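First the structure, in the form of structure tokens, and then the observations on it.
This is a predicted model, so every value here is computed, not measured. The analysis underlying the following values was restricted to heavy atoms, covering all of them including side chains, and did not include hydrogens, waters or symmetry mates. Residues: numbered from 1 along the sequence shown.
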Amino acid sequence: MQQRAMPMEEGKDPGAGAGAGGIRTSQYKAMPLRLLQLFVLFLAFSITFAVISIYTIRHFGIYYSVMDTVKSSFQPCLEEPNGLEQWIKPPSNLIHTMSDKELLWRASFTSRIKQYPFKRVPKIAFMFLTKGPMPLAPLWEKFLKGHEGLYSVYVHSLPSFHSDFPPSSVFFGRHIPSQVSEWGRMSMCDAERRLIANALLDISNERFILLSESCIPIYNFSLIYHYITKSKYSFTGAFDDPGPFGRGRYNENMAPEVNITQWRKGSQWFEVNRKLAISIVQDTTFYPKFEKFCRPACYVDEHYFPTMLSIEASNQLANRSITWVDWSRGGAHPATFGRSDITDEFFKRLAGKQHCTYNNKNSTMCFLFARKFAPSALEPLLHMSTKYLGY
């Protein structure tokens with residue numbers, strides 16, 4: 001009996017084990033069902049979210065508005081200003097990388113509509129053609145003080161020269177990209193055209209006057225500004241000189257663009273209005289002829305602009321210069337005045353009898369500037385300018 005009990009006891013253990021195995025099997029069957037339910041629920045949620053998203057995009061454009069917002073956030077970095085200001089605002093920096101060909105092309109842009117769609121105050125561009133230093137700069141500073149917005153300053157010096165004007169100076173940052181220029185050669189006219197072209201980039205510049213480092217203004221700013229801006233004509237000398245230093249310099253190869261009867265001579269120190277300034281920088285007809293056939297002893301800076309402008313716009317020229325010089329001492333160059341020359345008598349002589357026409361009427365005020373003054377003349381000029389020059 002005991003022996004049977006033992007198997008029974010042993011048989012009991014297997015029975016118990018079989019019952020536990022059944023429980024585990026049922027649990028394993030339940031788990032896939034639960035996972036399947038979760039998957040179906042997730043799938044239903046995803047489909048529902050997708051349907052809602054598509055509906056929202058189609059009817060409210062949220063996707064596109066979000067994309068537009070992201071896109072617009074980058075626009076200030078990529079997009080150029082497209083208002084009128086970019087066309088009328090003068091360059092903040094005169095230093096650029098344009099070649100002369102590119103600069104002249106850019107400067108030749110002009111509007112065919114005479115009236116400006118903004119309040120434009122005409123300015124005078126004072127263009128200084130120098131070798132380097134500006135020894136008379138303090139006098140010019142005194143002359144220009146208080147008249148900001150009515151003038152612009154441009155300086156063309158040798159490329160090797162580096163100016164050291166303080167930030168408070170009217171000459172600070174006013175040097176343009178330059179090249180070497182030689183007196184009497186086409187490179188001199190190239191420098192003058194370069195000055196004009198840079199000044200034309202400021203649409204408010206209406207009158208353009210070429211000066212040297214030895215020039216001084218002999219009246220106050222207000223008087224000079226009124227005289228120039230109210231003139232119907234540009235102050236460029238262009239006369240027919242039948243002698244050896246006039247027609248004697250003419251080369252027959254200049255024809256047919258320039259005949260000997262059209263050959264003119266004039267002072268290098270000119271003043272022109274904006275229209276004539278554009279004519280100078282856009283010229284491709286006369287430039288090649290003068291470059292090739294007017295070389296020393298033909299001094300191109302005395303003939304190129306006077307001849308070209310007299311052919312194209314003689315009715316717009318006053319046919320005289322407004323820069324006074326003294327040729328009484330003879331020689332190839334006018335007299336230079338130093339410290340000892342600046343006296344009361346000198347100023348009386350400078351303001352002496354003058355006769356010319358201004359806007360087709362007789363006038364005794366003919367010159368606005370004078371040259372040549374040495375650096376040593378600065379101190380007495382500053383001391384006496386208030387009394388005799390009005391500034």
Q: Give me the other members of the hydrophobic cluster that Phe109 sits in, counting Ile, Leu, Val, Met, Phe, Trp and Tyr linked by side-chain heavy atoms under 4.5 Å, directly or via other members.
A: Trp105
Q | Any residue meeting side chain to side chain donor-acceptor pair (under 3.5 Å) with Ser385, in chain and number order, not counting sequence neighbours | A | Lys142
Q. Which pairs count as side chain to side chain donor-acceptor pair (under 3.5 Å) when at least one residue sits in residues 106-117, sequence neighbours excluded?
A. none
Q) Considering only heavy atoms from C-beta outward, does the side chain of Leu144 approach that of Val153 to under 4.5 Å? A) yes
Q: Would you name the heavy atoms of Val121 and Gly149 that are closest together and state the gap between them?
A: CG1-O, 4.2 Å
Q. Is there a side-chain contact between His303 and Tyr250 (heavy atoms, below 4.5 Å)?
A. no
Q) Can Ser214 and Ser212 be counted as having a side-chain donor-acceptor contact under 3.5 angstrom? A) yes
Q | Close side-chain approach of Ile209 and Ile322, heavy atoms under 4.5 Å | A | yes
Q: Can you see which heavy atom on Leu94 is nearest to which on His96, and at what distance?
A: O-CD2, 3.3 Å
Q) Does any donor atom in the side chain of Asn259 or Thr261 lie under 3.5 Å from an acceptor atom in the other side chain? A) no
Q.
According to ring-ring contact (aromatic ring centres under 6.0 Å, His included), who are the partners of Phe286, at least two apart in sequence or on a separate chain?
A. none
**Q.** Check: Val155 and Ser163 side chains under 4.5 Å, non-hydrogen atoms
**A.** no
Q. Side chains of Ser310 and Gln262: is there a donor and an acceptor less than 3.5 Å apart?
A. no
Q. Taking the six-membered ring for Trp, are Phe369 and Phe126 parallel (under 30°), tilted (30 to 60°) or perpendicular (over 60°)?
A. perpendicular
Q: Return each pair, listed once, that meets ring-ring contact (aromatic ring centres under 6.0 Å, His included) where at least one residue sits in residues 177-217; pairs must be two or more places apart or across chains.
A: Trp183-Tyr299, Trp183-His333
(Q) Is the shortest side-chain heavy-atom distance between Phe143 and Ile224 below 4.5 Å? (A) yes
Q | Any residue meeting ring-ring contact (aromatic ring centres under 6.0 Å, His included) with Phe373, in chain and number order, not counting sequence neighbours | A | Phe337, Phe346
Q: Run through the side-chain heavy atoms of Ile, Leu, Val, Met, Phe, Trp and Tyr, join any pair under 4.5 Å, and report what else lands in Phe239's cluster.
A: none
Q | Residue pairs involving residues 275-285 (criterion side chain to side chain donor-acceptor pair (under 3.5 Å); sequence neighbours excluded) | A | Asp283-Tyr304
Q) Can we say Glu213 and Lys131 salt-bridge, meaning some charged N sits less than 4.0 Å from an Asp/Glu carboxylate O? A) no
Q.
If only side-chain N and O atoms count, and only distance matters, is there a donor-acceptor pair under 3.5 Å linking Ser204 with Lys123?
A. no
Q | disulfide bond (SG atoms under 2.5 Å apart) contacts in which one or both residues fall within residues 272-312, not counting sequence neighbours | A | Cys294-Cys298
Q. Tell me, which pairs form a salt bridge (charged side-chain N to carboxylate O under 4.0 Å, His left out) where one or both residues lie in residues 365-388, sequence neighbours left out?
A. Arg339-Glu379
**Q.** Contact check, side chains of Ser187 and Gln179, non-hydrogen atoms, under 4.5 Å
**A.** no
Q: Report yes if the distance between the aromatic ring centroids of Tyr227 and Tyr219 is under 6.0 Å, otherwise no.
A: no
(Q) Angle between ring planes, His147 versus Phe221, binned at 30° and 60°: parallel, tilted or perpendicular? (A) parallel
**Q.** Connected hydrophobic set around Trp327, excluding itself, where side chains approach under 4.5 Å
**A.** Val325
Q: Using only heavy-atom distances, determine whether the side chains of Asp344 and Tyr388 contain a donor-acceptor pair under 3.5 Å.
A: yes
Q | Distance-only polar pair, side chains of Tyr233 and Asn360, donor-acceptor under 3.5 Å | A | yes
Q | Members sharing Leu103's hydrophobic cluster (side chains within less than 4.5 Å) | A | Met98, Leu201
